[in-house]
Amino acid sequence: MKYGSGRSMVEVNIPTRAALFHAVGECFSRGTGFALATLNLDHLTKLPVDTAFANAYRAQDMVVADGRPIIWLAQLAGQTLELMPGSDLVIPLTELAAEMGMPVALMGSSDAALAGAQSALETRVPQVNIVLSHAPAYGFDPTGSEAAEICEILNASGARLCFIALGAPKQELFAAFARNRAPAVGFASIGAGLDFLSGHQVRAPKIMRVLALEWLWRALQSPRRMVPRYAKCFAILPRLALDAWCQR
């Protein structure tokens with residue numbers, strides 16, 4: 001399924017969880033890295049106006065559907081996609097890495113959040129080997145000198161899977177930047193996934209997620225930041241719906 005148009009067009013190229021875990025397992029087995037992005041409506045508002053972000057998305061090896069509207073648009077186009085929010089992928093990807101003996105690294109917004117996430121992961125997946133936990137400095141440039149230093153640290157650590165919880169577009173920009181500088185590492189951009197694990201952010205109750213109301217929960221939790229974001233998302237839906245219909 002393709003979303004957008006022109007240079008900002010993005011394709012969800014991994015339709016199901018089974019396909020995702022097969023692809024990641026193959027990369028682990030071959031000793032090759034990857035970059036995984038989770039597409040949502042917020043990303044689709046940013047892509048047409050941010051060339052660097054669009055370029056970073058084109059550099060991703062795997063793109064999955066994160067958000068009910070992405071799924072509904074695919075259905076409108078006569079296609080089937082499975083919902084795969086980044087936050088829901090953290091534990092199963094960690095389990096796969098542990099099962100295959102792949103060391104894990106964590107990148108996030110603060111040392112406290114990362115410490116909490118590491119503790120939660122080690123409790124949920126006791127066999128996991130977390131070899132690096134790093135919170136970039138404030139004002140982190142995902143394609144600058146600190147990013148290059150982090151790539152060197154990742155290479156030295158032996159990590160094979162790196163969760164990046166820096167938010168869009170920083171996490172996708174860093175994944176694209178690091179993809180060839182740390183070629184044995186798989187980069188998974190997961191948004192607030194580590195903050196949810198650590199308890200630094202509270203995720204919507206399961207019933208709200210089932211009813212596709214997680215956006216409302218987040219808007220109520222942080223209205224000044226989230227309401228303008230969701231307004232932009234709703235504004236682009238008619239055009240995206242027309243594009244999807246044309247793909248039938």
Query raised in the report: Is the charged tip of Arg30 near the ring of Phe28: under 6.0 Å from the six-membered ring centre and within 45° of its axis?
Result: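 No cation-pi geometry.
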Less than 4.5 Å apart, any side-chain heavy atom of [X] and any of [Y]?
{"X": "Phe34", "Y": "Phe187", "value": "no"}
{"X": "Ile150", "Y": "Phe174", "value": "yes"}
{"X": "Arg7", "Y": "Arg58", "value": "yes"}
{"X": "Ser109", "Y": "Asp195", "value": "yes"}
{"X": "Glu146", "Y": "Asp141", "value": "no"}
{"X": "Leu89", "Y": "Met84", "value": "yes"}
{"X": "Asn55", "Y": "Leu173", "value": "no"}
{"X": "Glu172", "Y": "Ile164", "value": "no"}

Query raised in the report: Does atom CZ of Arg239 have more than 12 heavy-atom neighbours from other groups under 6.0 Å away?
Result: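 More than 12 within 6.0 Å, yes.
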Query raised in the report: Heavy-atom count around Lys46 NZ within 6.0 Å, excluding the residue itself: above 12?
Result: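 Correct, the count exceeds 12.
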Query raised in the report: What closest approach, in Å, do Ser87 and Gly193 show between heavy atoms, and which atom pair accounts for it?
Result: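 Closest approach of Ser87 to Gly193: OG-CA, 3.6 Å.
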Query raised in the report: Any donor and acceptor pair, going by atom type alone, linking the side chain of Asn40 with main-chain N or O of Gly67 inside 3.5 Å?
Result: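 Absent.
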Query - Partner of Glu214 under side-chain hydrogen bond (donor to acceptor under 3.5 Å, both in side chains), chosen from Lys206, Arg68, Arg203 - result: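 Going through the options one by one, the only one that passes is Arg203.
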**Report entry** Side-chain H-bond candidate by donor/acceptor type, Ser157 with Asn155, under 3.5 Å
**Finding:**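 Checked: Ser157/Asn155 side chains show no N/O donor-acceptor pair below 3.5 Å.
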Query raised in the report: Can Gln118 and Glu122 be counted as having a side-chain donor-acceptor contact under 3.5 angstrom?
Result: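 Result is yes, a qualifying pair exists.
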Query raised in the report: Between His43 and Tyr3, does the ring centroid distance fall short of 6.0 Å?
Result: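 No, they do not, as the ring centres are separated by 6.0 Å or more.
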Report task. Find out if a path of hydrophobic residues (ILVMFWY) with successive side-chain heavy-atom gaps under 4.5 Å connects Ile14 to Leu83. Result ->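 As far as the 4.5 Å side-chain criterion goes, Leu83 and Ile14 are not connected within one cluster.
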Query - Residues in side chain to side chain contact (heavy atoms under 4.5 Å, CB included) contact with Gln127, at least two apart in sequence or another chain - result: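 Partners of Gln127 by the side chain to side chain contact (heavy atoms under 4.5 Å, CB included) criterion, ordered by chain and then number, come out as Ala98, Val125.
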